[in-house]
Amino acid sequence: MNTRKLLALAVLLILGLAFYFGMDAYRDRTQAEQDTRVAVEASRLVRMHTPIIGPQNAPVTIVEFFDPACETCRAFYPLVKQIMAQHPGKVRLALRYAPFHHGSDQVVKLMEAARKQGLYTPVLEALLAAQPQWADHAAPNLDLAFEAAARAGLDMGRARQDMETPEIQAVIAQDVEDLTALQVNKTPTFFVNGRSLPSFGPEQLASLVAEEVATSRP
């Protein structure tokens, strides 16, 4: 074999090694970027301030981006409770606010004020029960929403003061920032242990929860 052929083979070998190691580095970088993106998305799903319904240490977390004026959110709420009841102690619900409808931001503030009084779930359920009366998307009757909260036992004088605190304003701002970053554009939007639904529907939600429960630690 002459010198020219040996040189050509050496060049090909060097190029092949460069391509191999380049692809390996690219795969490592791509995987690292994907892992970072997943971690960032996970941190945006549940915040320290996020209301949790169910066992705090449950191995499976349903995150719902929720608008109190959303009819579909209202329809899903009892279904989510049923799914949680089917897996006692295994599932918790984390509610994130997506106040897309007119006036929903005020109702979210009301819910957060109720949380300060230890009445989050009763007020949430009272608001959902009364939703057909107050949640007109064009012109919501917020007085009726406030009346529903009062019937659930909320101290409205204290609640109205708490609604305007910077703390509650910050909760809404953070949730809106997170839903924008996660490209949430409809309610309800669900994630189960960080996984989005393959398709929308109660059966799909129940199936994904059951799958996560089955693979969770006892």
Side-chain angles (χ1 to χ4, degrees), residues 44-47 49-54 60-86 91-115 119-154 156 159 163 168 171-192 195-210:
R44 287 190 177 278
L45 287 173
V46 180
R47 296 286 185 177
H49 66 258
T50 301
I52 302 294
I53 297 174
V60 177
T61 301
I62 301 172
V63 175
E64 178 183 353
F65 282 87
F66 164 90
D67 185 327
C70 165
E71 296 94 334
T72 309
C73 294
R74 179 177 185 262
F76 260 88
Y77 182 73
L79 300 174
V80 173
K81 288 183 66 178
Q82 182 179 352
I83 290 170
M84 294 171 67
Q86 290 170 350
V91 183
R92 63 180 190 161
L93 172 64
L95 281 180
R96 302 300 304 276
Y97 301 123
F100 292 144
H101 293 113
H102 181 58
S104 289
D105 58 334
Q106 295 301 310
V107 181
V108 165
K109 290 180 185 180
L110 182 63
M111 292 168 59
E112 283 296 299
R115 183 147 64 122
L119 291 170
Y120 188 82
T121 300
V123 167
L124 165 63
E125 294 183 351
L127 289 168
L128 290 177
Q131 186 196 82
Q133 284 74 53
W134 65 263
D136 184 318
H137 293 174
N141 190 333
L142 296 183
D143 288 341
L144 294 180
F146 282 33
E147 289 174 10
R151 288 195 297 271
L154 193 64
M156 292 307 302
M163 286 172 61
I168 288 181
V171 166
I172 298 175
Q174 183 65 72
D175 281 17
V176 170
E177 178 185 321
D178 287 339
L179 71 86
T180 302
L182 292 167
Q183 299 181 359
V184 171
N185 54 23
K186 65 180 186 302
T187 55
T189 291
F190 292 100
F191 296 84
V192 180
R195 298 169 61 190
S196 59
L197 295 187
S199 58
F200 184 76
E203 297 83 3
Q204 289 76 15
L205 178 60
S207 176
L208 188 52
V209 169

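One is the number of the first residue; the rest follow in order along the sequence.
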* W134 to A130 - nearest heavy-atom pair and separation -> CD1-O, 3.1 Å

* Side-chain contact, heavy-atom cut-off 4.5 Å: L110 with M156? -> yes

* How many angstroms lie between CG in D105 and NE2 in H102, if you round to the nearest 0.5 Å? -> 8.5 Å

* side-chain contact (heavy atoms from CB on, under 4.5 Å) between L179 and R96: does it pass, once the steps are laid out? -> CA-CA 8 Å; L179 71 86; R96 302 300 304 276; over 6 Å; no

* Asked: Can you find a pair of side-chain heavy atoms, one from P68 and one from Q131, that are under 4.5 Å apart?
  -> no

Contacts table for residues 74-81: side-chain donor-acceptor under 3.5 angstrom, sequence neighbours left out:
{"from": "R74", "atom 1": "NE", "to": "L128", "atom 2": "O", "distance (Å)": "2.5"}
{"from": "Y77", "atom 1": "OH", "to": "E125", "atom 2": "OE2", "distance (Å)": "2.8"}
{"from": "K81", "atom 1": "NZ", "to": "E125", "atom 2": "OE2", "distance (Å)": "3.0"}

* Structure fact -> One should read off an interatomic distance between L127 CG and E147 CD, to the nearest 0.5 angstrom, of 12.0 Å

* Under 3.5 Å, is there a donor-acceptor pair between the H49 and D175 side chains? -> yes

* Taking T180 for the side chain and V176 for the main chain, is one N or O donor matched with an acceptor at less than 3.5 Å? -> yes

* Asked: Taking only residues two or more places apart in sequence or in another chain, which ones pass ring pair (Phe, Tyr, Trp, His ring centres under 6.0 Å) with Y120?
  -> none

* For salt bridge (Lys or Arg N to Asp or Glu O under 4.0 Å), just list the numbers for E112 and K109, CA-CA rounded to whole Å, side-chain angles, deciding distance to a tenth of an Å, and then say yes or no. => CA-CA 5 Å; E112 283 296 299; K109 290 180 185 180; over 6 Å; no

* **Minimum side-chain heavy-atom gap P140-H101 below 4.5 Å** => no

* **Pairwise distance CE(M111) to OG1(T121) - rounded to 0.5 angstrom** => 9.0 Å

* **Derivation of the side-chain contact (heavy atoms from CB on, under 4.5 Å) call for I62 and V91** => CA-CA 7 Å; I62 301 172; V91 183; 3.7 Å; yes

* Asked: Taking H137 for the side chain and A69 for the main chain, is one N or O donor matched with an acceptor at less than 3.5 Å?
  -> yes

* If you take all heavy atoms of R92 and M84, which pair is closest and at what distance? -> CA-CE, 4.1 Å

* Asked: Side chains of E64 and L93: does their closest heavy-atom pair fall under 4.5 Å?
  -> yes

* Asked: With side chains defined as the heavy atoms from C-beta onward, is the minimum distance between Y97 and P51 less than 4.5 Å?
  -> yes

* Asked: Under a 4.5 Å cut-off applied to non-hydrogen side-chain atoms, are F65 and L182 in contact?
  -> yes

* What's the shortest heavy-atom distance between A145 and V107, and which atoms? -> CB-CG2, 4.4 Å

* To do: Might you point out which heavy atoms bring T187 and C73 nearest each other, and give the distance in Å?
  => CB-SG, 3.7 Å

* CD1/I52 to OG1/T61 distance, rounded to the nearest 0.5 angstrom? -> 6.5 Å

* Asked: Does any non-hydrogen side-chain atom of V192 lie less than 4.5 Å from one of V60?
  -> yes

* Asked: Is there side-chain contact between L95 and L124, with at least one heavy-atom pair below 4.5 Å?
  -> yes

* To do: Indicate the atoms forming the closest heavy-atom contact of S104 with D67, along with that distance.
  => OG-OD1, 2.6 Å

* Asked: To the nearest 0.5 Å, how far apart are CD in Q174 and CZ in R44?
  -> 7.0 Å

* **For L154 against A159, the heavy-atom pair lying closest together** => CD2-CB, 3.8 Å

